[in-house]
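Data block below; observations after.
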Amino acid sequence: MSGHQAQQTIHVGGEWRAAASGATRDILDPADAKTFAVVAEGGVPDTDAAVEAARRAFDHGEWPHTPVTERAALLRRVADLLVRDREPLGLLESRDAGKTLEEGRVDIDCVADAFRYFADLVVGEGGGRVVDAGSDDIHSVVVHEPVGVCAMITPWNYPLLQASWKVAPALAAGNTFVIKPSEITPLTTVALIELLVEAGLPEGVANIVTGPGHSVGARLAEHPDVDLVSFTGGLVSGTKVAQAAAVTVKKVALELGGKNPNVVFADACATEEGFDTAVDQALNAAFIHSGQVCSAGSRLIIEESVRERFVAELARRAERIRLGRGTEDGVECGPLVSAEQREKTEPYIAAALAEGALPRAGLAR
Ligand code: NAD
């Protein structure tokens, strides 16, 4: 992080701050559970200050009225800065979330792509459009307007990618925002705010409060000056966000957890190449980022005639996945993101074994 002290990770109205309470949080490297960064542990007063800044910037600032071509140009500058900082940002994402360095780099590429995508989209869709209403006397015009102050709450598995899918479209459309990244993986989102400042975004448009869900997140969801909440995370928290946001009838977007099957039919395995691809894709779907993906292929449904061969090959390849610290050369699968996640995951394995599941790799050793 640059331009401010390490623990000043709250950005409000163009200023980097520590938490009003002075509280901090250690950010742990999932590979060894050692502290490698310290951030501000924001609370309700920090959140209120951030919302006030975003409100002011929306109601009285220039950003909502900036021509779409200029907003798009800023988004493209941010994409260029992301490309410039690909290595340090990829490394930061890898250390913060425990993913492999290569995955961290690919995430940053996708984040840059998202900024370019929404820059193109807003230029294409930015103006009013007359729709043929079937009569010369009737003129229908579609005008795209920003919603206002957007609150964004993101999870730990794809910290910056999840942030970019909220930040880039919101900025492209002329909104202002307050983002609250997951309390355990906030670092690249803080870095993104630095890049937005560097790219020339006006003060107060982009605000960040690092801190926990039960205070910062909950306050954002209920705050009367927030117009829209975009949340990605688990079902339990998402339900609370929807309930809190309903009181002031905010617009709400929720992306919640999944439990997705991959389906493999025998005809897909009719050739060696087809079989190989299907096994590879099933392996990747289940184990990328140690399976901590909302769209992970966590169940596999296989046509009976190819089941035994498929499972045997899948188990053989799963055994060979190189586990380790995400930043080490050759490692294919990093650690789970936190001890808390391990404690959540292990009982599922125990329950499956108790119900008669047959381990074919890992535990089978
Ligand atoms: P989580 O629900 O615990 O936390 C997500 C975010 O919500 C965090 O920033 C957290 O601080 C905040 N939060 C927690 N309680 C809150 C509250 N009461 N009010 C407001 N905010 C609150 O989820 P997580 O463990 O960080 O993330 C993993 C989950 O996210 C998994 O269920 C995964 O499937 C899901 N996920 C879904 C998608 C998707 O696109 N559908 C993508 C990634 C992750």
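Take Glu41 and apply the side-chain contact (heavy atoms from CB on, under 4.5 Å) test, not counting sequence neighbours, and it matches Ala23, Arg25, Pro212. Contacts of Ala119 classified as side-chain contact (heavy atoms from CB on, under 4.5 Å), with partners at least two apart in sequence or in another chain: Ala72, Leu75, Arg76. The salt bridge (charged side-chain N to carboxylate O under 4.0 Å, His left out) test applied to Glu340 returns no partner, not counting sequence neighbours. Scored by the salt bridge (charged side-chain N to carboxylate O under 4.0 Å, His left out) test, Glu198 finds Arg84 as partners (sequence neighbours excluded). Under the salt bridge (charged side-chain N to carboxylate O under 4.0 Å, His left out) criterion, Asp85 pairs with no residue at all, not counting sequence neighbours.
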side-chain contact (heavy atoms from CB on, under 4.5 Å) evaluation trace for Leu192 with Leu160: CA-CA 8 Å; Leu192 175 66; Leu160 196 57; 3.7 Å; yes

Going through the checks in order, is the salt bridge (Lys or Arg N to Asp or Glu O under 4.0 Å) test met by Arg77 and Glu70? CA-CA 11 Å; Arg77 281 202 295 284; Glu70 284 178 38; over 6 Å; no

Check the pair Ile208, Trp16 against side-chain contact (heavy atoms from CB on, under 4.5 Å), reporting the backbone distance first and the verdict last. CA-CA 9 Å; Ile208 180 169; Trp16 287 100; 4.2 Å; yes

Could you go through His223 and Thr47, starting from their C-alpha distance and side-chain angles, then the distance that decides it, and tell me whether this counts as side-chain contact (heavy atoms from CB on, under 4.5 Å)? CA-CA 9 Å; His223 201 297; Thr47 311; 5.5 Å; no

Show the numbers, then the answer: is there a side-chain contact (heavy atoms from CB on, under 4.5 Å) between Thr210 and Val190? CA-CA 8 Å; Thr210 49; Val190 173; 3.9 Å; yes

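Using a 4.5 Å heavy-atom cutoff, the side chains of Asn260 and Asn262 are not in contact. Annotation: side chain of Tyr158 is in contact with side chain of Val293 (closest heavy-atom distance under 4.5 Å). You'll find the side chain of Asp225 stays beyond 4.5 Å of the side chain of Val149, heavy atoms only. In this structure, Arg116 and Asp80 have side chains that are in contact, with non-hydrogen atoms separated by less than 4.5 Å. Between Asp46 and Val216, every side-chain heavy-atom pair lies at or beyond the 4.5 Å cut-off. Looking at Thr188 and Asp107, their side chains never come closer than 4.5 Å, going by heavy atoms from C-beta outward. Counting heavy atoms from C-beta outward, Leu89 and Leu82 have side chains that approach closer than 4.5 Å. Contact of the Ser164 side chain with the Asp113 side chain is not registered, since no non-hydrogen atoms from C-beta on lie closer than 4.5 Å.
Heavy atoms from other residues, nucleotides or ligands lying under 6.0 Å from CZ of Phe265 number 12 at most. Surrounding CG of Asp329 are at most 12 heavy atoms belonging to other residues, nucleotides or ligands under 6.0 Å away. The 12-atom threshold is exceeded at CD of Glu332, counting heavy atoms of other residues, nucleotides or ligands nearer than 6.0 Å.
Checking each of Arg55, Lys250, Lys251 against Asp227 for a salt bridge (Lys or Arg N to Asp or Glu O under 4.0 Å) leaves exactly one that passes, namely Arg55.
Considering CG of Leu161 and NZ of Lys166, their distance stands at 10.5 Å, rounded to 0.5 Å. Considering CG of Asn207 and CG of Leu196, their distance stands at 10.5 Å, rounded to 0.5 Å.
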Show which side-chain atoms of residues 278-290 pair as donor or acceptor with protein atoms under 3.5 Å away, not counting sequence neighbours.
residue, atom, partner, partner atom, Å
Asp280, OD1, Arg317, NH1, 3.3
His289, NE2, Asn157, O, 3.0
Ser290, OG, Gly334, O, 2.6

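Salt-bridge check for Arg105 with Glu93: failed, with every basic side-chain N at 4.0 Å or more from each acidic carboxylate O. Ion pairing between a basic and an acidic side chain is recognised when a charged N comes within 4.0 Å of a carboxylate O; Lys34 and Asp29 show no such pairing. The existence of a salt bridge linking Arg309 and Glu303 is excluded, since no basic side-chain nitrogen approaches an acidic carboxylate oxygen closer than 4.0 Å. Salt bridge Glu102/Lys99: absent, no basic N to carboxylate O contact under 4.0 Å. A salt bridge links Asp48 to Arg219: at least one charged side-chain nitrogen sits closer than 4.0 Å to a carboxylate oxygen. Taking 4.0 Å as the cut-off between side-chain N and carboxylate O, Glu62 and Arg71 do not count as a salt-bridged pair.
Hydrophobic clustering places Leu171 together with Leu121 (ILVMFWY residues linked when any side-chain heavy atoms are closer than 4.5 Å, directly or through intermediates). Linking ILVMFWY residues whenever their side-chain heavy atoms come closer than 4.5 Å, directly or via other members, leaves Val106 and Leu81 in distinct clusters.
The shortest heavy-atom contact between Leu336 and Pro30 is O-CB, 3.5 Å. Residues Pro64 and Gly61 share a closest heavy-atom pair of CD-O, 3.7 Å. Of all heavy-atom pairs spanning Gly326 and Pro335, the tightest one is N-CD, 4.3 Å.
Aromatic ring pairs are classed by plane angle as parallel below 30°, tilted from 30° to 60° and perpendicular above 60°; the pair Phe275 and Phe310 is perpendicular.
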